[in-house]
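In what follows, chains carry the letters A, B, and so on, assigned in the order in which the sequence lines appear, proteins first and then strands, with residues in each chain numbered from 1.
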Amino acid sequence: MNEDTNRLIELRREKAQALREQGVNPFPTTVSVTHTTQQLLDLYGEKEAEAIEQIPDRFAIAGRVKGQRDFGNVIFLDIYDRTGRLQVLLSKKLIGPENFQTFKKMADIGDIYAFAGKLMKTRTGELSLAADELTLQCKSMRPLPEKFHGLVDVETRYRQRYLDLIMNPDVVDVFRTRSEIIRLMRVFFSERDFLEVETPMMHPIAGGATARPFVTHHNTLDMDLFLRIAPELYLKRLIVGGLERVFEVNRNFRNEGISTQHNPEFTMLEFYWAYATYEQLMELTEELCCFLAHSLFGKLSFVYQEREIDFARPWKRLRMADAVAEYTDLSVEDLKDAATLKAFCKKHGLEIVGEPTPGKLMVLIFEELVESKLIQPTFIYHFPTEVSPLARRNDENPEVVDRFELYINGNEIANAFNELADPDDQRGRFVAQVEAKKAGDEEAHEYDADYIRALEYGLPPTAGEGIGIDRLVMLLTNSASIRDVILFPQMRKEQS
RNA sequence: AGAUCUGUAGCUCAAUCGGUAGAGCAGCGGACUCUUAAUCCGUUGGUUGGGGGUUCGAGUCCCCCCAGGUCUACCA
């Protein structure tokens, strides 16, 4: 139905107009509030009725009216503020017949009111505010969803998150937890002397990851810019600058598909630690995740989608080659032979593009056949050099880099490595990427000359890591879709 | 991008084989001074996502389009 002709909205408009004519502004400035609903419950919820009656103070709360039980000369209201719910008792006796009548005629579920009065206990023993004063704080023009089933429609929940938040307390909890996780991360890194920084979101060169970027344009400079796909190259410039320990919590933008695991803009924690190695990052990652789980749950295990996830340390560590050997019938020796790997891929229906190296084939097999089986936290390390253009080679085996990814519940949660500090090696890797790009690899890196210049000044031995916050929040809030942990997930345009 | 499912009143859902579009809640009118989805009586509300087709007749069958969910692909 056309929203402009909806009779429920029309009725509320008429009520607002009637209020104006009575001298009541339906959209006033605020009145002072003394307590939240939770404060009152904490202070007086357990007290006996007699004790409550002795309290001479008046209290003022404000919130949305979400429920109403009308008994003629007395009305019970469910008032919700950010902390929870309190019952308000409105009676003709206390507020006077005129106010009482006005409320009955003009108030709707969804309106926001402030109430002041003394506390009381009802016959059922529930702490309630017996209002002797009420002030409309906002006239709501739209009816809320039904009180029992609430708002279920997933599309409406995402498009109108405000309504989702009004109706579904579980959703509020998820976003409170998300906020708490990010707060704890800041505590964790601050305690370890990491400096929080903000680096550009608009990059002249989209670097630091392999992904297709969003392109935008700066009019005055008349230049195309890319929304960042990763902050990595800027954060490492800061390590060159001597900051030594930095972290950033911010959005990355990747012009890729949307799924339960992917949103075009997503939040990444990246941190860089000079004079540390990726082995130390594994330790730090375990510490961080355990700190989060312990802070949230008071223990290290939790259930995700009916599966028990256990953060108890130490976490499993597997070289990628060993992981592939463990989860397939290939041997570590087979992994060096392109022909064997190609045959294996063909047998398992894995699509091969071009003439990949054994390393690339191993990664393909890993991603297709192994990843999803890594349920408990597992570090996979020693990635092939050719898929890791910014990572330092392993000293014993230059074919692999000192890099790991963390998998939990079959999902990549973190990616980390010893940073490549050798500017000539880095230049060579960029050149290889540029050639891959010319050969049609849309996601290959571009050549970043200033980054090479920075490396030429000297990057101390550094390890760096990125942690996908949305996915970690999914795990820790038992959310099945990334859209459930992003307040306003990306949607197509709504039909008018 | 492909496969598949879904879209009916403000919300949550019905509607048998293709045969008069219905309920609960909300709303509106009324009763009620202790309820917790209050209760009771009465009652309004529909271009069935949009467009086209088949048919005597379409919410239902067919085609196109729009939006969403899930899986796959890309990716973190």
For B:rC56, give the paired nucleotide (Watson-Crick: N1-N3 plus N6-O4 or O6-N4; G-U: N1-O2 and O6-N3; both under 3.5 Å), or none. B:rG19
Roughly, in whole Å, what's the span from OH in A:Y407 to P in B:rA76? 9 Å
Using heavy-atom distances to pick each residue's nearest nucleotide on RNA chain B, tell me which of A:K121 and A:I258 is more 5'. A:K121
Counting only side-chain nitrogens and oxygens, does A:R492 get under 4.0 Å of the OP1 or OP2 atom of B:rG68? yes
Taking only the side-chain heavy atoms of A:L151 (C-beta and beyond), determine which of B:rC11, B:rU36, B:rG10 contains the nearest atom. B:rC11
Does a donor on one side chain sit under 3.5 Å from an acceptor on the other, for A:N252 and A:E265? no
Could you give the distance separating B:rU36 and B:rC40 at their P atoms, to the nearest angstrom? 12 Å
Can you tell me if A:T36 and A:D81 form a side-chain donor-acceptor pair at under 3.5 Å? no
Can you tell me whether the side chain of A:T124 and the base of B:rU36 have a donor-acceptor pair closer than 3.5 Å? yes
Under the 5.5 Å and 30° test, is A:F71 stacked on the base of B:rU33? no
Evaluation steps, ring pair (Phe, Tyr, Trp, His ring centres under 6.0 Å), between A:F103 and A:Y113: CA-CA 11 Å; A:F103 184 86; A:Y113 271 88; 5.2 Å; yes
Counting the atoms with a prime plus P, OP1 and OP2 as sugar-phosphate, which does A:G468 contact under 4.0 Å by heavy atoms, base, sugar-phosphate, or nothing? nothing
A:M167 near the nucleic acid: base, sugar-phosphate alone, or nothing, with a heavy-atom cut-off under 4.0 Å? nothing
Taking only the side-chain nitrogens and oxygens of A:R69, find out if one of them lies under 4.0 Å from OP1 or OP2 of B:rU35. no
Atom CZ of A:F76 and atom C1' of B:rU33: how far apart are they, to the nearest Å? 8 Å
Ignoring hydrogens and geometry beyond distance, is a side-chain donor-acceptor pair present between A:R228 and A:T199 at under 3.5 Å? yes
Nucleotide paired to B:rA1 in any strand shown, Watson-Crick or G-U, under 3.5 Å: B:rU72
Centroid-centroid under 6.0 Å between A:F188 and A:F247 rings: no
Looking only at the side chain of A:T122 (C-beta and beyond, no hydrogens), which of the listed nucleotides B:rC32, B:rU12, B:rU35 gets closest? B:rU35
In whole angstrom, what separates A:L90's CG from B:rU33's P? 15 Å
By centroid distance (under 5.5 Å) and plane angle (under 30°), are A:F266 and B:rA76 in a stacked arrangement? yes
Here the distance between atom C1' of B:rA76 and atom CD of A:E371, to the nearest Å, is 10 Å
Could you state the CG-P distance from A:N6 to B:rC11, rounded to the nearest angstrom? 9 Å
Just to be sure I understand the rule, does A:G67 reach a base, reach only the sugar-phosphate, or reach nothing, if contact means heavy atoms closer than 4.0 Å? nothing
Between the main-chain N or O of A:E412 and the side-chain N or O of A:R471, is there a donor-acceptor pair closer than 3.5 Å? yes
Distance only, no hydrogens: is a donor on one side chain within 3.5 Å (strictly under) of an acceptor on the other, for A:T122 and A:Q87? no
With distance as the sole criterion, is a donor-acceptor pair present between the side chains of A:T267 and A:R178 under 3.5 Å? yes
Residue matched to B:rU36 through Watson-Crick or wobble contacts both under 3.5 angstrom: none
When you compare B:rC64 with B:rA26, how far apart are their P atoms, in angstrom units rounded to a whole number? 43 Å
What is the base-pairing partner of B:rC11, counting Watson-Crick and G-U wobble geometry with both distances under 3.5 Å? B:rG24
Quick one: pull up CE in A:M185 and CD in A:E196 and give me the separation to the nearest 0.5 Å. 11.5 Å
Indicate for each nucleotide in nucleotides 24-31 of chain B, in 5' to 3' sequence, whether protein heavy atoms under 4.0 Å reach the base (B), only the sugar-phosphate (S), or nothing (-). BBSSS-S-
Check every strand shown and say whether A:E351 touches a base, only sugar-phosphate, or nothing at a heavy-atom separation below 4.0 Å. nothing
If you measure from the C1' atom in B:rA3 to the same atom in B:rA14, how many Å do you get, rounded? 29 Å
Base, sugar-phosphate alone, or nothing: which one does A:E367 contact when heavy atoms must sit under 4.0 Å apart? nothing
For the pair made of CD1 in A:I166 and P in B:rG10, what is the distance, rounded to whole Å? 18 Å
Contacts of A:L364 and A:S91 projected onto RNA chain B by closest heavy atom; the upstream (5') one is A:S91
Rounded to the nearest Å, what distance is computed from the CD1 atom of residue A:I95 to the P atom of nucleotide B:rU33? 15 Å
What does A:N263 touch in the nucleic acid at a heavy-atom separation under 4.0 angstrom: a base, only the sugar-phosphate, or nothing? base
Anti/syn call for B:rC71, syn if |chi| within 90°: anti
Atom pair distance, as rounded to whole Å: CD in A:E270 and P in B:rA76: 12 Å
What nucleotide, of B:rG69, B:rU12, B:rU36, holds the atom closest to the side chain of A:V154? B:rG69
Check the phosphate of B:rC71 against A:T260, side-chain N and O only, distance under 4.0 Å to OP1 or OP2. Yes or no? yes
When the C1' atoms of B:rG22 and B:rA15 are considered, how many whole Å apart are they? 7 Å
Taking only the P atom of each, what is the distance from B:rU8 to B:rC74 in whole angstrom? 34 Å
Ring-ring centroid check A:F302 A:F311, cutoff 6.0 Å: yes
For B:rG52 and B:rU16, measure between their P atoms and round to the nearest Å. 25 Å
Is A:T210 close enough to B:rA76 that one of its side-chain N or O atoms is under 4.0 Å from OP1 or OP2 there? yes
